[in-house]
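Chain letters run A, B, ... following the sequence lines, proteins first and then strands; every chain starts at 1. Values below: all heavy atoms of this structure, side chains included; hydrogens, waters and symmetry mates excluded.
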Number of protein chains: 2
Amino acid sequence: MQDPAKHLSKTLKAIRKDRGWSLDAAAAATGVSKAMLGQIERGESSPTTATLWKLATGFQVSVTSLMEPLPPGAEKTLIRDAEALRHLPGDSGMAVAPLFPFEPRFGFEYMELTFHPGYKRLSEPHEVGVVEYITVISGEMEIFTDDNWQPLKTGMSIRFRGDAPHGYRNRGDEKAVVMTIIHYPTRR
Amino acid sequence: MQDPAKHLSKTLKAIRKDRGWSLDAAAAATGVSKAMLGQIERGESSPTTATLWKLATGFQVSVTSLMEPLPPGAEKTLIRDAEALRHLPGDSGMAVAPLFPFEPRFGFEYMELTFHPGYKRLSEPHEVGVVEYITVISGEMEIFTDDNWQPLKTGMSIRFRGDAPHGYRNRGDEKAVVMTIIHYPTRR
DNA sequence: ATCATTTGTATGCTATAACGCACAAGACGG
DNA sequence: CCGTCTTGTGCGTTATAGCATACAAATGAT
């Protein structure tokens, strides 16, 4: 997040110009007076949430896009090798390769997990609203969710609530490798 | 989006109560007077973007979470089998299995791509702010980004801008399978 | 019980968001 | 050159966001 006022004024004007709208046209579309629109664009006024709402709906954009400067820049290409990142935390039986850690602007983390034969773990519910994605890359495993164990073969994916009791286990005799996305709602 | 006023008042109070803060404590943390805080929580006042900013930073949450009602709930567990979903669009040489299509509240789509030997494709830049993640599940391939071809072996991942010219090719003699996440910025 | 402390709400006041209208600068055609 | 239209900005008024303070109800301690 940054200073919102400057961002708001700039993007608002940019959007309007992009559509070729005059202040009058924008006023008609949003229900906000053109005088106020001009002041906001010039940074002389900081609108209330009510008018912010009118602006967003009138322009058909999200409130977020008006408030949060989206690309915090520095969008560099990143390359990760799971082989190099993989490590065994504490108890083991499982290895984790944190490919792309959580970043607020994306809202999720992305990693590779390896479950060795016999591994089993029941996880406490996370923060409310968390959603987990799992794709089985090799081997087979089972996910506990909605009160039963769900078998997943290679190539299968599952999406389930992370804020409910859930678990992972590998009852096969070869290791299971999965890709995991954990999406957090509230921090976005 | 919904009526923001009610959402704001409710969530603001919920967050404050969740932390066990009094109006005084919240006022100290945010820099907004407790009288105003009370009015906002009661829906009697619609704050300006400036104070909305103070609230978000003081409570250490995103502006978005205060403005946009997040998950409409009903988070059912979903299971996808790439084998069943996989299909070849048009020209072919590539197969796509759309595991989890785009949903606004998550902000990304998630799919499996298969590139057959000899496949090559240069992609036009997408919408600005788009970021792509690719993990090579099997085989090897190359990604064109930042003006050169980046080789990726099995197990390697890359993250790059989708709003710049980029491409995919498979110069090996076995097919390459990758998992792809395409993240869209604040699209509505 | 009584007093002190902490809670949220109500009050009066100032700053400013928001409106409608009027105005000045440029564009275009006559 | 002169109307006429469109653009954005300036002005005066009203509505309300925002603050500081005072107040009433609840909580707690002795």
Side-chain angles (χ1 to χ4, degrees), chain A residues 1-69, chain B residues 1-69 186 188:
Chain A
M1 303 185 192
Q2 313 233 47
D3 174 37
K6 200 174 63 182
H7 170 71
L8 175 63
S9 61
K10 280 183 58 177
T11 49
L12 195 63
K13 184 161 191 173
I15 294 176
R16 183 173 65 84
K17 285 298 184 185
D18 183 54
R19 312 214 174 156
W21 288 3
S22 66
L23 284 182
D24 278 293
T30 59
V32 178
S33 74
K34 74 168 177 177
M36 180 51 55
L37 284 172
Q39 292 186 27
I40 296 173
E41 287 189 357
R42 274 173 273 141
E44 298 174 11
S45 173
S46 129
T48 65
T49 56
T51 62
L52 187 66
W53 179 257
K54 291 186 191 172
L55 294 177
T57 52
F59 280 108
Q60 302 208 73
V61 296
S62 68
V63 176
T64 306
S65 64
L66 295 178
M67 288 298 292
E68 316 231 28
Chain B
M1 302 189 192
Q2 315 232 46
D3 173 39
K6 201 174 61 183
H7 171 70
L8 176 62
S9 61
K10 281 183 57 177
T11 49
L12 196 62
K13 184 162 191 173
I15 294 176
R16 183 173 65 83
K17 286 297 183 185
D18 183 56
R19 311 215 173 153
W21 288 3
S22 67
L23 285 181
D24 279 292
T30 59
V32 178
S33 74
K34 74 167 177 175
M36 181 51 54
L37 285 171
Q39 292 186 25
I40 295 173
E41 287 188 357
R42 274 173 272 140
E44 298 175 11
S45 173
S46 129
T48 65
T49 56
T51 63
L52 186 65
W53 180 258
K54 291 187 191 171
L55 295 176
T57 53
F59 279 107
Q60 303 207 72
V61 296
S62 68
V63 176
T64 306
S65 63
L66 294 179
M67 290 297 291
E68 315 231 28
T186 44
R188 49 152 342 212

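Among the protein residues, S33(A) comes within range of the nucleic acid bases, having at least one heavy atom under 4.0 Å from a base atom. Using a 4.0 Å heavy-atom criterion, one finds that E41(A) contacts no nucleic acid atom at all.
The separation between L37(A) atom CG and dT9(D) atom P is 11 Å, rounded to whole Å. K54(B) has its NZ atom 9 Å from the C1' atom of dG18(D), to the nearest Å. Rounding to whole angstrom units, CD of residue E44(A) and C1' of dT9(D) are separated by 9 Å. Between the NZ atom of K13(A) and the P atom of dT7(D) there is a distance of 14 Å, rounded to whole Å. A straight line from CD of Q39(B) to P of dT11(C) spans 11 Å, rounded to a whole angstrom. Atom pair I40(B):CD1 and dC19(D):P shows a separation of 9 Å (rounding to whole Å applied). We find that NZ of K17(B) is positioned 9 Å from C1' of dG8(C), with the value rounded to whole Å.
Electrostatic pairing of R16(B) and E41(B) counts as a salt bridge here, judged by a charged N lying under 4.0 Å from a carboxylate O.
A donor-acceptor contact closer than 3.5 angstrom is absent between the side chains of T48(B) and T48(A).
A side-chain donor-acceptor contact under 3.5 Å links T30(B) to the backbone of A26(B).
The phosphate of dA18(C) (OP1 or OP2) has a side-chain N or O of T48(A) nearer than 4.0 angstrom.
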